[in-house]
6 protein chains.
Amino acid sequence: MRIVLVNANTTSAVTDQLARLARELAGARVTIEAVTPSFGAAYIQSRAEAAIAAHAVLATIADALEAQATSPPQACIIACFGEPGLFAARELFPLPVVGMAEAACLTALQLGSRFAILTSGERWPSMLDEVLRLYALGERCAAVRALPRGGLELGAPAETLRRLTELARRTVDEAAADSIILGGAALAPYAQALQDRLEVPLVDGLAAAVTQATALAALALPPPGRGSFRRPVSQGVSNLHPALTRAFAAPPDPVGGAARPPQEAPGGT
Amino acid sequence: MRIVLVNANTTSAVTDQLARLARELAGARVTIEAVTPSFGAAYIQSRAEAAIAAHAVLATIADALEAQATSPPQACIIACFGEPGLFAARELFPLPVVGMAEAACLTALQLGSRFAILTSGERWPSMLDEVLRLYALGERCAAVRALPRGGLELGAPAETLRRLTELARRTVDEAAADSIILGGAALAPYAQALQDRLEVPLVDGLAAAVTQATALAALALPPPGRGSFRRPVSQGVSNLHPALTRAFAAPPDPVGGAARPPQEAPGGT
Amino acid sequence: MRIVLVNANTTSAVTDQLARLARELAGARVTIEAVTPSFGAAYIQSRAEAAIAAHAVLATIADALEAQATSPPQACIIACFGEPGLFAARELFPLPVVGMAEAACLTALQLGSRFAILTSGERWPSMLDEVLRLYALGERCAAVRALPRGGLELGAPAETLRRLTELARRTVDEAAADSIILGGAALAPYAQALQDRLEVPLVDGLAAAVTQATALAALALPPPGRGSFRRPVSQGVSNLHPALTRAFAAPPDPVGGAARPPQEAPGGT
Amino acid sequence: MRIVLVNANTTSAVTDQLARLARELAGARVTIEAVTPSFGAAYIQSRAEAAIAAHAVLATIADALEAQATSPPQACIIACFGEPGLFAARELFPLPVVGMAEAACLTALQLGSRFAILTSGERWPSMLDEVLRLYALGERCAAVRALPRGGLELGAPAETLRRLTELARRTVDEAAADSIILGGAALAPYAQALQDRLEVPLVDGLAAAVTQATALAALALPPPGRGSFRRPVSQGVSNLHPALTRAFAAPPDPVGGAARPPQEAPGGT
Amino acid sequence: MRIVLVNANTTSAVTDQLARLARELAGARVTIEAVTPSFGAAYIQSRAEAAIAAHAVLATIADALEAQATSPPQACIIACFGEPGLFAARELFPLPVVGMAEAACLTALQLGSRFAILTSGERWPSMLDEVLRLYALGERCAAVRALPRGGLELGAPAETLRRLTELARRTVDEAAADSIILGGAALAPYAQALQDRLEVPLVDGLAAAVTQATALAALALPPPGRGSFRRPVSQGVSNLHPALTRAFAAPPDPVGGAARPPQEAPGGT
Amino acid sequence: MRIVLVNANTTSAVTDQLARLARELAGARVTIEAVTPSFGAAYIQSRAEAAIAAHAVLATIADALEAQATSPPQACIIACFGEPGLFAARELFPLPVVGMAEAACLTALQLGSRFAILTSGERWPSMLDEVLRLYALGERCAAVRALPRGGLELGAPAETLRRLTELARRTVDEAAADSIILGGAALAPYAQALQDRLEVPLVDGLAAAVTQATALAALALPPPGRGSFRRPVSQGVSNLHPALTRAFAAPPDPVGGAARPPQEAPGGT
């Protein structure tokens with residue numbers, strides 16, 4: 001199985017780290033192709049940077065799918081917690097697209113009654129509140145908390161782990177959370193160590209995204225031929241990245257089961 | 001990987017069919033152990049039968065885990081759409097437990113804006129409305145519709161497929177659904193043929209459950225040591241199935257990552 | 001009027017206490033028949049025990065209705081706060097069924113803007129959160145708080161009353177609650193003393209259930225002949241308690257108004 | 001037991017009819033004192049008339065409580081479906097106050113999963129939608145439907161019954177309602193005949209109000225001494241009905257349990 | 001442009017102050033006609049006083065519109081935060097009616113993700129909670145807090161400003177609010193000074209009402225000819241203020257665009 | 001007053017038309033500066049095009065603010081119904097930013113109980129459903145309906161008006177809407193003619209945006225100095241439009257009241 005992992009930040013060191021972690025999580029049978037946008041924010045800390053990243057993610061996926069046209073991937077991960085461009089990418093590209101925050105929430109829903117989210121960057125709790133409203137997944141979220149510093153300014157790992165652990169334990173207590181979601185590309189490396197220090201399950205956004213991508217790829221569902229997520233027919237785009245322009249103009253072939261011949265009813269008559 | 005698939009109905013022919021389909025879906029690397037409750041309803045069509053089935057599911061899982069104690073499974077599927085006993089089983093047993101309706105909804109959330117559910121048995125739409133309220137997943141559900149007859153009375157497969165197709169197409173139109181969830185053990189055999197006749201993705205509850213079980217098993221999360229889903233400490237139970245009594249009394253060893261030694265912070269200092 | 005009071009716990013001392021209190025509350029014109037399940041948990045403290053209790057409650061009601069067939073009761077109370085099996089019992093049995101938590105919430109809604117719930121057992125707040133989701137009654141609940149110990153381990157009454165009072169007063173302050181609901185069979189004896197120490201109305205779950213049962217019985221509504229709560233037609237049950245099997249197979253006669261002859265329009269023409 | 005029934009409309013013939021029906025429903029042990037406002041709408045059909053009625057209801061209750069000061073009533077019913085002034089009356093007067101719509105919804109919640117409301121007057125569905133938002137009880141309401149004509153213009157009873165029956169049956173079908181609430185003072189006389197023609201339980205707003213008033217009176221809860229529903233301390237009122245002015249100035253003695261001496265903890269130590 | 005500003009309190013000094021502030025906010029091109037009810041509460045502090053005020057507001061607007069019949073105003077402001085009678089006035093009078101709390105919330109929604117409300121009078125937070133439920137605007141409200149004293153008992157201005165500032169800053173911190181709404185006629189004079197001490201935007205209810213009234217007047221929308229807010233056709237009212245009686249009986253001419261001749265489709269063909 | 005109107009589509013003819021209509025609506029005292037993005041979709045019909053437009057809107061506003069630096073505008077309108085980049089622009093730029101859909105909904109909330117939205121392009125109802133979820137404004141939206149064709153393919157105006165009128169009338173009937181919102185840049189020219197054919201108020205998105213922009217500008221609120229909408233401090237952006245890069249790097253001076261000197265408390269002491 002091949003998965004495209006798209007960082008939504010432009011810092012390639014973050015991409016490399018995410019790719020390494022994703023490969024560990026995915027195991028040997030999965031190939032992870034990690035790509036970095038050519039424009040945008042070094043590390044998204046605001047709605048404005050996230051809005052730009054949504055465009056960049058689309059352009060980057062378009063490039064990646066063209067580059068891999070001869071052996072197309074089975075799924076795509078937007079490797080940023082809060083995943084700019086998620087719904088847009090699902091419309092435009094004929095493969096399952098997974099977001100770290102969404103995947104983590106869906107995983108946490110299967111672990112208890114309420115979850116809490118931990119991330120870094122003081123604006124993210126409010127931004128994630130909006131993401132949860134959009135996804136209609138907020139009712140079982142007990143709290144969203146953040147380390148104040150952004151992802152590229154976390155400081156020494158031991159100190160960051162200490163602060164994360166303290167924040168996680170306090171959140172479990174105060175919010176009566178049955179699990180903790182760890183969000184943010186920069187925090188993914190802390191997942192295992194933080195789990196070892198916690199008494200509730202820790203859902204790492206990257207791990208959840210890898211497993212959900214694998215799950216969706218395994219289902220091999222056909223892209224929609226109708227409904228509001230079928231590939232859009234544009235009335236024209238201009239001055240976009242060439243591969244993105246082509247994505248609007250000439251849809252690549254469907255991935256997965258769409259070409260399957262119709263079957264008879266089970267058991268026949 | 002080993003998965004226990006627990007039918008919540010007592011009809012072993014349904015169990016056998018679910019097991020066969022689950023094995024096809026899961027592939028060769030996954031072992032599916034399918035079990036049938038020793039008491040309850042032949043095919044659940046009411047809240048009363050579902051309530052009894054929740055107990056039966058717990059007893060059946062307890063038995064299955066004891067029988068497989070030397071090579072414990074990594075996940076459990078409650079193979080009934082509406083999955084009686086889901087939250088209870090998550091509390092009591094130290095492995096991920098997946099429900100068909102929940103897994104299907106979580107999958108469908110990743111495919112579009114709104115989904116619709118199709119099942120059989122005229123009381124199930126109202127029952128599933130309650131399930132969605134409990135899960136807080138109803139906001140993106142556009143409709144729940146059912147063939148009037150229950151799962152053991154569906155009639156000739158070709159006719160059933162024709163009716164399902166007609167109902168699915170009408171639902172897509174009327175409810176503006178981006179995907180259709182097919183629920184109900186008895187409808188699982190129709191999934192592929194129905195997908196071939198639909199223009200939107202069809203999420204089969206059983207397939208979704210198998211992929212979510214695989215996803216959760218891959219995460220190998222430790223069972224909770226605190227929070228409202230840690231293993232309950234009972235003040236005493238009486239006159240239960242022996243294995244179920246033992247499940248309350250003597251928790252089996254944790255499955256998964258709990259025994260892992262703590263790691264240092266990433267990168268050290 | 002005759003009311004069946006079904007304890008969902010197997011501890012008959014709790015049943016006796018509930019029966020005594022219910023008789024005081026109901027007054028001389030109401031006969032309370034209290035029954036105890038033959039299997040399940042001594043005192044429910046977890047979702048797993050509640051799931052088993054739902055089955056036990058159904059079996060126990062079935063037995064009680066058969067035993068009283070010659071003079072059938074007009075209502076049934078599931079005397080456990082969180083009331084396992086409530087919706088299922090409403091489907092299966094042709095008389096009004098009342099739950100302590102539901103009755104208490106409906107009462108509290110008539111007393112102010114927001115209520116808070118107090119109970120015992122540290123897992124119950126999360127479990128009641130699920131109950132309120134199922135009932136769609138959570139929006140006006142300001143808080144759910146619990147004494148940490150379970151119902152059979154409360155300790156000395158004076159100390160328990162002191163702790164309850166302190167918790168209740170703190171909850172009124174912090175949650176701006178207009179009333180306090182006291183939940184849990186084991187806490188019912190404290191209702192009057194706690195009320196005397198509080199400045200807001202205290203809604204005792206048992207008292208609320210008795211008055212709601214009386215209210216529903218007085219309405220003498222016919223059991224539904226259609227809709228999702230009409231008596232289920234099972235496709236077969238097996239290995240259940242004999243009276244429960246018979247409840248699925250041969251519905252007892254309707255209680256209440258169903259046999260009333262149709263009346264003319266008021267006033268005629 | 002004594003109950004004050006306050007019509008919110010100024011038509012005394014409606015009051016008389018409501019009183020007669022309430023006395024039938026309440027039985028011989030309950031005294032119903034029915035009162036009519038001295039100002040307002042003949043039959044409320046708009047938000048503007050309902051707003052005026054809220055004031056009129058307060059003035060009318062104030063009068064009634066003064067007139068019955070020597071033997072104060074144990075509960076009050078605002079006998080208008082949509083019950084103007086409900087929360088205000090609960091603040092101002094030291095006895096339980098019950099509304100027809102609220103009481104009917106709370107009753108219907110105990111009968112199934114979803115209810116539908118039937119009333120008369122084409123603006124009432126939208127007005128009741130607002131009432132349900134205020135009460136936070138809309139989630140389980142499947143539909144609100146109305147006969148187009150207002151309560152004083154219903155026409156011939158036989159024809160009205162025919163139209164109500166047709167509307168009720170259609171609503172049960174289309175909205176999958178488990179019960180029907182019949183709202184509106186003018187429709188109360190049709191309750192029994194409509195029930196006889198329906199296959200689901202019919203909750204008559206007046207009957208529900210009588211039983212809920214009885215239930216609350218039986219609980220004998222003390223009026224709140226704190227919280228947002230304790231008796232308001234006004235900074236001065238002017239030009240109001242004399243009894244209403246006095247209600248703000250000099251609170252009557254509490255009804256019910258507030259004067260009870262504190263009890264010891266149950267069981268002592 | 002002419003705007004009628006209706007105080008809902010009977011204290012004319014408050015009306016004068018509101019009028020002076022509104023004129024400063026509205027500028028020279030807007031004429032503010034401020035009116036005071038002839039009955040009701042000096043300063044509304046309870047649901048009971050608010051219910052009476054709703055009636056008083058309707059009577060006062062009816063009077064004002066008759067007095068200005070020769071040059072009718074283009075909009076009306078109910079100058080009380082929580083605005084009794086808002087929906088009723090919209091039904092009854094053929095001009096836009098604006099409420100201070102609603103206008104402030106709609107303004108704050110355009111400034112950030114979540115807002116918090118500050119007011120005075122300890123019962124108002126709970127009352128505003130009900131107002132937000134009625135308006136369905138509560139989801140983005142992070143907190144409602146109040147100075148304990150009512151609007152006529154605030155005490156020395158410098159001390160009040162100090163307390164308001166302290167409460168506002170604490171609320172911004174604790175509730176993560178992006179803006180603060182200042183509610184209550186008595187607090188309007190503090191708006192500018194409080195804004196100068198805060199780091200988030202302060203939305204003054206009166207200023208928001210003035211700008212929303214101006215905005216609605218500029219749209220010059222016709223009064224509805226159908227729907228639940230068209231002018232009600234009463235079945236008769238009695239013993240009301242004469243102008244209010246006339247408002248039900250003889251609707252004044254429409255304000256705004258209703259008399260405009262139909263236009264052709266843009267561009268023609 | 002100066003307002004920047006940013007089309008989110010790249011079709012300058014649409015910009016010109018919006019500018020012309022906005023100038024008519026705003027009157028002589030308001031200067032409308034209309035700008036068109038340099039990249040993106042000719043007319044947004046999908047989430048993918050909307051995601052790109054959010055970036056384009058930010059770049060276009062950045063350019064416009066630099067071009068008008070010597071006489072900065074007081075407000076900005078994102079002139080696309082569904083307004084890509086709304087929250088992001090509010091973060092990044094120190095002036096009020098208004099969206100057509102949001103402004104229309106806030107206006108409609110002041111006109112009745114429920115509104116319905118009409119637009120063009122068959123995917124927009126689902127997209128607007130997501131916008132309403134994000135804004136938490138969906139509860140009072142009765143329906144979202146669309147003409148099937150996109151904004152640049154509407155066809156002959158007379159035929160479009162006929163279809164719009166028919167759809168609007170049907171929607172008012174079926175959804176019991178008190179007002180109709182007309183959304184979409186391409187439909188703005190039909191607003192007046194459609195209003196003339198409807199019996200409920202028609203809220204044109206562009207007119208609502210102009211009036212809300214005027215209202216916010218009149219309030220002259222300072223940009224936030226804290227909270228999640230204060231100007232973001234980026235950790236670095238790359239390869240963006242130069243003016244957009246500068247917007248992240250060097251915030252322009254605040255517009256409005258931030259520079260005002262603190263005032264004393266009203267009235268002093």
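First the proteins, then the strands, lettered A, B, ... as listed; each starts at 1. Because the structure is a prediction, the values reported are computed rather than measured.
No donor-acceptor pair under 3.5 Å is formed between the side chain of D/R140 and the backbone N or O of C/A136.
With a 4.5 Å cut-off on non-hydrogen atoms, D/L202 touches chain C through its backbone but not through its side chain. Contacts between D/S113 and chain C at a heavy-atom distance below 4.5 Å involve backbone atoms as well as side-chain atoms. Of the two parts of D/L216, only the side chain, counted from C-beta on, holds a non-hydrogen atom closer than 4.5 Å to a non-hydrogen atom of chain C. Only the side chain of C/E139 comes within contact range of chain D, with heavy atoms under 4.5 Å apart. For D/E102, the part lying near chain C is the side chain, with the backbone staying farther off; criterion is any non-hydrogen pair under 4.5 Å. If you measure heavy-atom distances from C/A207 to chain D, the contacts under 4.5 Å come from both the backbone and the side chain.
Highest contact tally toward chain D, considering only C/L25, C/T160, C/L111, is held by C/L111 [criterion: heavy-atom pairs under 4.5 Å]. Of the listed residues (C/R226, C/R162, C/Q212, C/E91), the one with the most heavy-atom contacts under 4.5 Å to chain D is C/R226.
Between atom CG of residue D/L221 and atom OG1 of residue C/T107 there is a gap of 8.0 Å, rounded to the nearest 0.5 Å.
Between C/L109 and D/L137, the closest side-chain pair of non-hydrogen atoms falls below 4.5 Å.
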- Task: For the pair C/Q110 and D/R90, evaluate side-chain contact (heavy atoms from CB on, under 4.5 Å) and give the outcome as yes or no after the intermediate values.
- Result: CA-CA 9 Å; C/Q110 298 179 77; D/R90 283 181 179 152; 3.6 Å; yes
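Between D/P201 and C/P224, the closest heavy-atom pair is CD-CB, 3.8 Å. D/A208 and C/L219 get closest at one heavy-atom pair: N-CD2, 4.2 Å. Nearest heavy-atom pair, C/D178 versus D/G227, reported as atom, atom and distance to 0.1 Å: OD1-C, 3.7 Å.
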